[in-house]
Undergrad: 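First, the structure itself, so that you have it in front of you.
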Amino acid sequence: MKKQSLLLLATIVFTINSIAQETNSLKNINNMVFEYSDGNGNLYIVTQDSIFFQPVSKQMSSSGLYDGGEPSKNKITQKDFKKVYLEFESIFKNDIIQIPNRIKTSGLLIIREVGTKKKVFIIKKSDEQRNLESMLKELIK
């Protein structure tokens with residue numbers, strides 16, 4: 001009986017700690033800015049209420065031919081912002097797709113917490129990269 005009580009108590013403590021950690025990380029979410037540069041160098045910047053798209057121009061492209069389109073900005077919801085946050089966090093935790101150096105087709109992700117720290121990581125071409133790009137392209141429409 002004592003073992004069962006201890007196991008139950010340990011489970012409750014673990015659950016409470018997990019909820020507290022999730023709550024603490026989400027508390028700071030509104031202080032975060034997410035940046036993603038795709039394989040062509042087009043830049044997406046996501047804040048708590050907006051997404052910005054800064055494309056590469058012909059003049060700035062390595063080939064002199066590629067044009068990423070027109071710059072744009074769109075409002076997003078708190079729900080959309082949380083989706084972006086969760087996608088970035090998921091990718092950040094996935095060591096398998098991360099690479100040490102930027103190469104063609106790779107993606108550069110930056111998580112900034114306003115006034116404090118910055119996380120930077122590079123990912124190789126992957127399903128996760130395609131999913132992130134699809135999400136960002138949908139939000140910028």
Side-chain angles (χ1 to χ4, degrees), residues 2-141:
K2 286 184 181 180
K3 282 185 178 180
Q4 289 175 334
S5 295
L6 286 174
L7 183 59
L8 178 60
L9 181 60
T11 303
I12 291 169
V13 169
F14 176 77
T15 303
I16 289 171
N17 283 339
S18 297
I19 292 169
Q21 285 178 349
E22 177 68 15
T23 302
N24 286 339
S25 67
L26 290 177
K27 245 189 245 181
N28 297 328
I29 189 173
N30 291 332
N31 294 327
M32 294 181 172
V33 175
F34 303 98
E35 296 180 19
Y36 175 71
S37 179
D38 67 20
N40 293 312
N42 298 307
L43 178 64
Y44 297 84
I45 301 172
V46 183
T47 65
Q48 75 178 50
D49 63 356
S50 300
I51 181 169
F52 303 87
F53 176 65
Q54 297 175 352
V56 169
S57 65
K58 276 187 183 180
Q59 295 82 4
M60 296 300 291
S61 75
S62 60
S63 68
L65 301 173
Y66 176 78
D67 186 345
E70 293 296 317
S72 57
K73 176 184 177 181
N74 200 11
K75 291 283 186 193
I76 62 170
T77 65
Q78 189 66 30
K79 184 179 177 183
D80 291 331
F81 185 66
K82 186 176 177 185
K83 279 185 197 175
V84 172
Y85 163 78
L86 293 172
E87 192 70 27
F88 267 68
E89 284 295 314
S90 174
I91 290 171
F92 179 71
K93 292 175 184 173
N94 186 347
D95 294 336
I96 295 170
I97 63 170
Q98 293 182 30
I99 55 176
N101 299 308
R102 186 82 197 257
I103 58 172
K104 269 193 168 190
T105 73
S106 65
L108 174 69
L109 291 88
I110 300 173
I111 301 174
R112 296 181 194 277
E113 195 165 335
V114 177
T116 57
K117 55 189 171 189
K118 171 170 97 167
K119 293 182 199 174
V120 179
F121 45 106
I122 302 166
I123 58 172
K124 63 185 176 183
K125 193 169 188 155
S126 60
D127 289 339
E128 291 84 354
Q129 181 188 29
R130 281 186 286 283
N131 292 341
L132 176 61
E133 288 182 11
S134 291
M135 176 193 300
L136 295 173
K137 286 175 183 176
E138 192 61 35
L139 290 175
I140 199 65
K141 284 184 180 178

Undergrad: If every non-hydrogen atom of I99 is compared with every non-hydrogen atom of S106, which pair is closest and at what distance?
TA: CD1-CB, 3.9 Å
Undergrad: Using atom types as modelled and distance alone, determine if a side-chain donor or acceptor of Q48 lies under 3.5 Å from a backbone N or O of M32.
TA: no
Undergrad: Taking atom CD of E128 and atom CD1 of I97, what is their separation to the nearest 0.5 Å?
TA: 4.0 Å
Undergrad: Tell me if a side-chain donor or acceptor on S90 pairs with a main-chain N or O of L86 at a distance below 3.5 Å.
TA: no
Undergrad: Between Y36 and Q129, is any side-chain donor less than 3.5 angstrom from a side-chain acceptor?
TA: yes
Undergrad: Taking the side chain as everything from C-beta on, heavy atoms only, tell me whether F53 gets closer than 4.5 Å to K137.
TA: no
Undergrad: Taking side-chain contact (heavy atoms from CB on, under 4.5 Å) as the test, write out the residues that go with F52, two or more places apart.
TA: I45, T47, S50, K73
Undergrad: To the nearest 0.5 Å, what is the distance between NZ (K141) and OG (S72)?
TA: 12.0 Å
Undergrad: Show your reasoning for whether ring-ring contact (aromatic ring centres under 6.0 Å, His included) applies to Y44 and F34.
TA: CA-CA 8 Å; Y44 297 84; F34 303 98; over 10 Å; no
Undergrad: Would you say the side-chain atoms of D80 and T77 include a donor-acceptor pair closer than 3.5 Å?
TA: yes
Undergrad: Apply side chain to side chain contact (heavy atoms under 4.5 Å, CB included) to F81 and N30, showing your working.
TA: CA-CA 9 Å; F81 185 66; N30 291 332; 4.2 Å; yes
Undergrad: Applying salt bridge (charged side-chain N to carboxylate O under 4.0 Å, His left out), name anything that partners E113, two or more places apart in sequence or on another chain.
TA: none
Undergrad: Please round to the nearest 0.5 Å and tell me the distance separating atom NZ of K124 and atom CD1 of I96.
TA: 8.0 Å
Undergrad: Do any N or O atoms from the side chain of N40 and from the backbone of N42 form a donor-acceptor pair under 3.5 angstrom?
TA: no
Undergrad: Calculate, to the nearest 0.5 Å, the distance between atoms CD1 and CZ belonging to I123 and R102 respectively.
TA: 9.5 Å
Undergrad: Please give me the minimum heavy-atom distance between M60 and V56, naming the atom from each residue.
TA: C-CG1, 4.0 Å
Undergrad: To check you understand the geometry: which heavy-atom pair defines the closest contact between P55 and G69, and what is its length?
TA: CG-O, 3.2 Å
Undergrad: Could you state the interatomic distance from CG (L139) to CD1 (I51), rounded to the nearest 0.5 Å?
TA: 5.0 Å
Undergrad: Of the non-hydrogen atoms in K83 and M135, which two are nearest, and what is the gap between them?
TA: O-CE, 3.9 Å
Undergrad: For the CG atom of L132 and the CG atom of L109, what is their distance to the nearest 0.5 Å?
TA: 6.0 Å
Undergrad: Taking the six-membered ring for Trp, are F88 and F121 parallel (under 30°), tilted (30 to 60°) or perpendicular (over 60°)?
TA: perpendicular
Undergrad: With heavy-atom distances below 4.5 Å as the criterion, would you say the side chains of K82 and Q78 are in contact?
TA: no
Undergrad: Could you pull out all residues at least two apart from E35 that satisfy salt bridge (charged side-chain N to carboxylate O under 4.0 Å, His left out)?
TA: R112
